[in-house]
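Values in this document were obtained by computation on a predicted structure and should not be read as measured data.
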Amino acid sequence: MIGRRTNEPVAYGIDFGTTNSSIAVAYRDRIEIVPVETGGMPEILPSIIYLNRDGNRAAGQEAVEQFLVTGSMKTQCWRCDLVQLVLGHRESDCRQYRAGSGCHDARLVSGIKSDLSETDFVSTHSWAVDFTLTDLVAVILRRLKTAADRASGANVRRVVLGHPVVFAGAEGPHYRERQGIAEQRLQDAAVTAGFEEVVLLDEPAAAVIDEDLREGVALAADFGGGTFDVAVIRFAPDGGDVIALTGVEVGGEQFDRLLFRAKVAPALHLNDVYELRSGAYR
């Protein structure tokens, strides 16, 4: 029947950000943003990842809450079940193993999007496990998908993923290589999170491509935590076309860093230099 709302989801749309992420459900007649958190801004999921040696993984506010409980817990190497006694010597596949030492049982990871284009950063190691960048991003995407599946009542396997025109670290002579690696890692993470059909779309174009704007040319700007992207879109009665895209690796995190160095660090005397009696400086 014409005008009747349908509850059959077509696909999901995900904005995976350096600082925050969100997900929306596309129905045939509408788009709905999914609440993923509780509190003042439920549609926004902090892009924070929690890892625990027991296999527990979490994202967003839950990640922070769990880390506050378990972040100080440690396991001594001599008591760790990852260490075995072989011919009188203790050995382990864990690269953190040190005789007489130990490691924390939990980790909190943030800002992982800024590392996606790094060719030298393949994985991070804890508890005899190599966590690749794809694995880490998948924790956030899986958390978003679970919330959307619950809201839509379906196991949706199609997703459109927004991405920067220029990933942080990709700018420069090796742009195509680094940008391609970042996009591939993002796509692989979506597959790991449970999606089968993955489409990547430039973030500034995605922001306005379906806007009901008058005929003419519009500039869409996306200032994120790690990148700043812009798109020039020409609108016509039959839709909009992206005619130019560009971006730079400048974002809110850089501003935060500069503000901290200029204002917070001096107030806390973090840059102070002290002369010791021996004549040395610290």
S.K.: So which pairs with a foot in residues 151-163 pass salt bridge (charged side-chain N to carboxylate O under 4.0 Å, His left out), sequence neighbours left out?
M.R.: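 Output for this query lists R157-E196, R158-E197.
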
S.K.: Evaluate whether atom NE2 of H174 has more than 12 neighbouring non-hydrogen atoms of other residues, nucleotides or ligands under 6.0 angstrom away.
M.R.: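 Counting neighbours around NE2 of H174, 12 or fewer heavy atoms of other residues, nucleotides or ligands fall under 6.0 Å, so no.
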
S.K.: Give a yes or no answer on whether the side chain of T132 reaches the backbone of D135 with a donor-acceptor pair at less than 3.5 Å.
M.R.: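 Yes, because the side chain of T132 sits within donor-acceptor range (under 3.5 Å) of the backbone of D135.
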
S.K.: Indicate yes or no for a side-chain donor-acceptor contact from R143 to the backbone of I49 under 3.5 Å, with no hydrogens or angles considered.
M.R.: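 No: the side chain of R143 does not pair with the backbone of I49.
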
S.K.: Checking R261 now: which residues fulfil salt bridge (Lys or Arg N to Asp or Glu O under 4.0 Å) with it, not counting sequence neighbours?
M.R.: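 R261 satisfies salt bridge (Lys or Arg N to Asp or Glu O under 4.0 Å) with no residue once adjacent residues are dropped.
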
S.K.: If you define the side chain from C-beta out and look only at heavy atoms, does anything of L108 sit under 4.5 Å from I48?
M.R.: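 A side-chain contact exists here, since the closest heavy-atom pair is under 4.5 Å.
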
S.K.: Could you please spell out the steps behind the side chain to side chain contact (heavy atoms under 4.5 Å, CB included) verdict for L161 and L186?
M.R.: CA-CA 8 Å; L161 264 170; L186 188 59; 4.0 Å; yes

S.K.: Find the distance between CD (E65) and OG1 (T70) and round it off to the nearest 0.5 Å.
M.R.: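 These two atoms lie 12.0 Å from each other.
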
S.K.: Nearest 0.5 angstrom please: F16 CZ to L45 CG, how far?
M.R.: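 So the gap between those two atoms works out to 10.0 Å.
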
S.K.: In the single-linkage hydrophobic clustering (I, L, V, M, F, W, Y; side-chain heavy atoms under 4.5 Å), do F121 and V129 co-cluster?
M.R.: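 Yes, same cluster.
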
S.K.: Mind jotting down which residue pairs meet the salt bridge (charged side-chain N to carboxylate O under 4.0 Å, His left out) criterion with at least one end in residues 17-27? Sequence neighbours excluded, please.
M.R.: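 For residues 17-27: none.
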
S.K.: Distance-only, no hydrogens or angles: does the H163 side chain make a donor-acceptor pair with backbone N or O of E183 under 3.5 Å?
M.R.: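 Checked: no pair found.
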
S.K.: Specify the closest pair of heavy atoms between I112 and L133, including all atoms of both residues, with the distance to one decimal.
M.R.: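 That closest heavy-atom pairing would be CD1-CD2, 3.4 Å.
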
S.K.: With a 3.5 Å cut-off and no angle check, do the side chains of D105 and T75 form a donor-acceptor pair?
M.R.: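 A donor-acceptor contact under 3.5 Å links the two side chains.
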
S.K.: Got a sec, which residues hit side-chain contact (heavy atoms from CB on, under 4.5 Å) with H104, two or more places apart in sequence or on another chain?
M.R.: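 Partners of H104 under the side-chain contact (heavy atoms from CB on, under 4.5 Å) test: K74.
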
S.K.: I want to check something: taking the side chain as every heavy atom from C-beta on, are S101 and Q76 in contact at a cut-off of under 4.5 Å?
M.R.: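 Answer no - side chains too far apart.
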
S.K.: Between CH2 of W127 and SG of C94, what distance do you get to the nearest 0.5 Å?
M.R.: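 Those atoms lie 9.5 Å apart.
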
S.K.: Looking at every non-hydrogen atom in both residues, tell me the closest pair between V34 and A151 and how far apart they are.
M.R.: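 Scanning both residues completely, I find the closest heavy atoms to be CG1-CB, 4.0 Å.
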
S.K.: List in chain and number order the residues that pass salt bridge (Lys or Arg N to Asp or Glu O under 4.0 Å) with D149, two or more places apart in sequence or in another chain; answer none if no residue qualifies.
M.R.: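 Expected list: K145.
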
S.K.: Applying side-chain contact (heavy atoms from CB on, under 4.5 Å), name anything that partners A182, two or more places apart in sequence or on another chain.
M.R.: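 Counting only residues at least two positions away or on another chain, A182 forms a side-chain contact (heavy atoms from CB on, under 4.5 Å) with L116, S117, F167.
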
S.K.: Roughly how far, to the nearest 0.5 Å, is the CG atom of D29 from the CG atom of N7?
M.R.: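 One finds 8.5 Å between CG of N7 and CG of D29.
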
S.K.: Between V36 and L144, is the side chain to side chain contact (heavy atoms under 4.5 Å, CB included) condition met? List the steps.
M.R.: CA-CA 7 Å; V36 291; L144 292 170; 4.1 Å; yes

S.K.: With the side chain counted from C-beta on, respond yes when L51 and L136 share a heavy-atom pair under 4.5 Å apart, and no when they do not.
M.R.: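 Contact flag for L51/L136 side chains = yes.
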
S.K.: With sequence neighbours excluded, give me every side chain to side chain donor-acceptor pair (under 3.5 Å) pair touching residues 36-49.
M.R.: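 For residues 36-49, and leaving out neighbouring residues, the side chain to side chain donor-acceptor pair (under 3.5 Å) pairs sorted by first residue read S21-S47.
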
S.K.: Which atom pair, heavy atoms only, marks the closest approach of P46 to N20?
M.R.: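 Shortest heavy-atom contact: CA-OD1, 3.5 Å.
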
S.K.: Write out all pairs satisfying salt bridge (charged side-chain N to carboxylate O under 4.0 Å, His left out) with one or both partners inside residues 9-23, taking only residues at least two apart or from two chains.
M.R.: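 Found none.
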
S.K.: Evaluate the salt bridge (Lys or Arg N to Asp or Glu O under 4.0 Å) criterion for residues R30 and E32: first the C-alpha distance (whole Å), next the side-chain angles of each, then the deciding distance (0.1 Å), finally the verdict.
M.R.: CA-CA 7 Å; R30 67 193 187 280; E32 293 183 358; 2.7 Å; yes

S.K.: For residues S152 and Y27, is any side-chain donor paired with an opposing acceptor at under 3.5 Å?
M.R.: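 Looking only at side-chain atoms, Y27 and S152 do not form any donor-acceptor pair under 3.5 Å.
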
S.K.: Restricting to pairs with a member in residues 52-61, which pass side chain to side chain donor-acceptor pair (under 3.5 Å), not counting sequence neighbours?
M.R.: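 Qualifying pairs, neighbours excluded: Y50-N52, N56-Q66.
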
S.K.: For the residue pair C77 and R98, what are the closest heavy atoms and their distance?
M.R.: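 Reported closest heavy-atom pair: SG-O, 3.4 Å.
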
S.K.: With clusters defined by side-chain heavy atoms of hydrophobic residues (ILVMFWY) lying less than 4.5 Å apart, directly or transitively, does V139 cluster with V198?
M.R.: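 Yes, same cluster.
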
S.K.: Determine which pairs satisfy salt bridge (charged side-chain N to carboxylate O under 4.0 Å, His left out) with at least one residue from residues 118-127, sequence neighbours left out, and list them in order.
M.R.: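 Counting only pairs at least two positions apart or across chains, the salt bridge (charged side-chain N to carboxylate O under 4.0 Å, His left out) contacts touching residues 118-127 are E118-R178.
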
S.K.: Determine whether T192 and R142 satisfy the following criterion, side-chain hydrogen bond (donor to acceptor under 3.5 Å, both in side chains), listing intermediate values before the conclusion.
M.R.: CA-CA 8 Å; T192 302; R142 189 179 296 111; over 6 Å; no

S.K.: To the nearest 0.5 angstrom, please state how far the OG1 atom of T124 sits from the CZ atom of F131.
M.R.: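 The distance works out to 8.0 Å.
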
S.K.: State, with a plain yes or no, whether a side-chain heavy atom of P9 is found less than 4.5 Å away from one of R28.
M.R.: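 SC-SC contact between P9 and R28 ruled out.
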
S.K.: Quick check for you: to the nearest 0.5 Å, what is the distance between I14 atom CD1 and I140 atom CD1?
M.R.: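 The CD1 atom of I140 is 10.5 Å from CD1 of I14, to the nearest 0.5 Å.
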
S.K.: For A189, give me all partners under side-chain contact (heavy atoms from CB on, under 4.5 Å), at least two apart in sequence or on another chain.
M.R.: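 T134, V137, A138, L141.
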
S.K.: Run through the side-chain heavy atoms of Ile, Leu, Val, Met, Phe, Trp and Tyr, join any pair under 4.5 Å, and report what else lands in I44's cluster.
M.R.: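 I44 clusters with M41.
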
S.K.: Can you confirm whether more than 12 heavy atoms, excluding those of L200, are under 6.0 Å from its CG atom?
M.R.: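 Yes.
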
